[in-house]
2 protein chains.
Amino acid sequence: MEPIRRRALIDATIIAIGEHGALDVTMADIAGRAGVSAALAHHYFGGKDDLLFATMRHILAELGLEVRTAVHGLSGADRVRAVIQVNLSQGQFRPEIIAAWLAFYVEARRNAALGRLFRIYVRRLHSDLLSGLTHLPRAGAVRTARGIAALIDGLYLRRALGEGAADSMAAIDLVEDYLDTALARSARRA
Amino acid sequence: MEPIRRRALIDATIIAIGEHGALDVTMADIAGRAGVSAALAHHYFGGKDDLLFATMRHILAELGLEVRTAVHGLSGADRVRAVIQVNLSQGQFRPEIIAAWLAFYVEARRNAALGRLFRIYVRRLHSDLLSGLTHLPRAGAVRTARGIAALIDGLYLRRALGEGAADSMAAIDLVEDYLDTALARSARRA
DNA sequence: CTTATAATTGATTGATGAGTCAATCAAGAA
DNA sequence: TTCTTGATTGACTCATCAATCAATTATAAG
């Protein structure tokens, strides 16, 4: 039962946060969605913080897996494009995922464990991007990677707010455009 | 007394949210920082939501004033640069301001009034940027404005998480670079 | 001095929600 | 069947906090 319950509770947590828009969902709400009692959620996860942590780790792990799959065998600009596409794919761009993401981002300022999780994600994204920008001079590559990462996050944020936000395709377009420009400029200079 | 207390309470709210990192600060905490009782905060603001709303409106009003001042008399790329510089100035880039900003962003998903406030800000930023990009073709201007806005928000987000985030100057540099590239590309094409 | 008005608070209420626990229930092993 | 172990829950406790209110104090006007 344990793995089934854990998974169901994590899924329920994502949905609950997505609907609620913040982390102040109750254990009873989450447990209810998963079809169990609040006491059971405590039994398997220990406490609310642990459940939230496990949920965020799950989201990041899924994203990480997607990235690694997409990137496999690619190099150079194609590799960067793959990273961009995964990060802004419909799957990652779902409102409830973004809401959870954002809520966790806020929480990460207080929860040391969550903060660590996010820093790992940030670093991984950065190095994934850098590894596809090797033909750029080091400084330019770092700057481009930072710009892409900021763009991705910014587009997430807008999406979270709703209204007039770019959809998945438009967002990917915008970031790839940024990448192409950076590459073109570098080529022109060489 | 009223204006003094209101101002003190709003300032205290910003500090409290900044330190706490989220909106779950208590009225007692805020009131304490402002040197009054929690009951008084209720007296002047009606309720916690109203105080939070007033606080966010205050932050946005200050930013709006700064932008309008900076932009005054400028046009074209200079105008855009001014908007960028204000949005990423040290004042706006203070950790407690960013923390408040981010926390409110999350809350805006649930609180209709807050959501409206943010949408006004988003639209104003967009039109401020557009008004400095008139020499670009319309479609390109819109896209560039969106990109700049996303970059600004993304850099905010990174800053909120701390660790390795760009400082005010580096952030401005990055976004201005984006602007220059967009302008240069447009000029080359013409 | 008196009175009205605003400022201010301590004490209280009521609601909410995390976490605990002792008690059932189910299922497989001996 | 009996025992053991894990699954499961309802009921309870405890803490926190927003909101209220009646009471007190200060201020200013007449």
Side-chain angles (χ1 to χ4, degrees), chain A residues 1-57 99-100 103-104 106-114, chain B residues 1-57 99-100 103-104 106-114:
Chain A
M1 275 295 106
E2 175 149 3
I4 291 147
R5 294 300 188 212
R6 289 182 84 94
R7 180 58 197 266
L9 283 165
I10 285 175
D11 287 345
T13 304
I14 293 173
I15 304 286
I17 292 174
E19 259 178 43
H20 236 256
L23 293 191
D24 64 356
V25 289
T26 67
M27 289 297 271
D29 180 15
I30 294 170
R33 286 170 197 270
V36 299
S37 72
L40 195 66
H42 275 97
H43 176 64
Y44 282 126
F45 282 96
K48 193 181 177 182
D49 286 349
D50 305 274
L51 173 53
L52 293 179
F53 182 76
T55 301
M56 193 65 230
R57 189 169 51 191
F104 278 118
V106 169
E107 187 65 15
R109 281 179 52 85
R110 297 193 288 176
N111 185 319
L114 265 184
Chain B
M1 273 296 106
E2 176 150 0
I4 291 147
R5 293 301 186 210
R6 288 183 84 96
R7 181 57 198 266
L9 282 164
I10 286 175
D11 288 345
T13 304
I14 295 173
I15 305 286
I17 292 174
E19 259 178 42
H20 237 256
L23 294 191
D24 65 355
V25 289
T26 68
M27 291 296 273
D29 179 14
I30 293 170
R33 286 170 197 270
V36 298
S37 72
L40 195 66
H42 275 97
H43 176 66
Y44 281 126
F45 282 95
K48 192 182 178 182
D49 286 348
D50 305 273
L51 173 53
L52 293 179
F53 182 76
T55 300
M56 194 64 229
R57 190 169 51 190
F104 278 117
V106 169
E107 188 64 15
R109 280 179 53 85
R110 297 193 289 175
N111 186 319
L114 265 183

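Sequence lines set the chain letters: A, B, ... in the order given, protein chains first and strands last, and positions in each chain run from 1. Note that this is a predicted model, so its numbers are computed, not measured.
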Any N/O pairs under 3.5 Å between the protein and nucleotides 14-18 of chain D? List them or say none.
from   : atom 1 : to      : atom 2 : distance (Å)
D:dA18 : OP1    : B:Val25 : O      : 3.4
D:dA18 : OP1    : B:Lys48 : NZ     : 3.0
D:dA18 : OP2    : B:Met27 : N      : 2.9

Which pairs, protein N/O on one side and nucleotides 6-10 of chain D N/O on the other, fall under 3.5 Å?
from  : atom 1 : to      : atom 2 : distance (Å)
D:dA7 : OP1    : A:Tyr44 : OH     : 3.4
D:dT8 : OP1    : A:Arg5  : NE     : 3.1
D:dT8 : OP1    : A:Arg5  : NH2    : 2.5
D:dT8 : OP2    : A:Arg5  : NE     : 3.1
D:dT8 : OP2    : A:Tyr44 : OH     : 3.4
D:dT9 : OP2    : A:Ser37 : N      : 2.9
D:dT9 : OP2    : A:Ser37 : OG     : 3.1

Exercise for the section: Rounded to the nearest 0.5 Å, what's the gap from OG1 on A:Thr13 to CZ on A:Phe45? Could you check? Expected result: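 Nearest 0.5 Å value for the OG1-CZ distance: 7.0 Å.
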
Problem - B:Arg6 CZ - C:dA6 P separation (whole Å) - result: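 Nearest whole value for this atom pair: 15 Å.
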
Handout entry: Within residues 1-11 of chain A or reaching into it, pairs that qualify as salt bridge (Lys or Arg N to Asp or Glu O under 4.0 Å) - sequence neighbours excluded
Key =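 Checked against salt bridge (Lys or Arg N to Asp or Glu O under 4.0 Å) - neighbours excluded - the pairs reaching residues 1-11 of chain A are A:Glu2-A:Arg6, A:Arg7-A:Asp11.
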
Exercise for the section: Hey, could you give me each pair passing salt bridge (Lys or Arg N to Asp or Glu O under 4.0 Å) that has a residue in residues 38-47 of chain A? Not counting sequence neighbours. Expected result: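 Residue pairs passing salt bridge (Lys or Arg N to Asp or Glu O under 4.0 Å), neighbours aside: none found.
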
Exercise for the section: Using side-chain hydrogen bond (donor to acceptor under 3.5 Å, both in side chains) as the criterion, list what pairs up with A:Arg110, not counting sequence neighbours. Expected result: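 Partners of A:Arg110 by the side-chain hydrogen bond (donor to acceptor under 3.5 Å, both in side chains) criterion, ordered by chain and then number, come out as A:Glu107, B:Asp24.
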
Exercise for the section: Considering non-hydrogen atoms only, spot the tightest contact between A:Gly21 and B:Val106 and give its length. Expected result: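 Looks like O-CG1, 3.4 Å.
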
Practice task
With sequence neighbours excluded, give me every side-chain hydrogen bond (donor to acceptor under 3.5 Å, both in side chains) pair touching residues 26-46 of chain B.
Solution key: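 Residue pairs with at least one partner in residues 26-46 of chain B: B:Glu19-B:Arg33, B:Asp29-B:Arg33.
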
Extract all donor-acceptor atom pairs below 3.5 Å that involve side chains of residues 46-55 of chain B and protein atoms in other chains or at least two apart in sequence.
from    : atom 1 : to      : atom 2 : distance (Å)
B:Lys48 : NZ     : B:Val25 : O      : 2.8
B:Asp50 : OD2    : B:Gly47 : N      : 3.3
B:Thr55 : OG1    : B:Leu51 : O      : 2.8

Exercise for the section: Could I get the full list of side-chain contact (heavy atoms from CB on, under 4.5 Å) partners for B:Ala103, not counting sequence neighbours? Expected result: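 For B:Ala103 the side-chain contact (heavy atoms from CB on, under 4.5 Å) partners, ignoring immediate neighbours, are B:Ile17, B:Leu23.
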
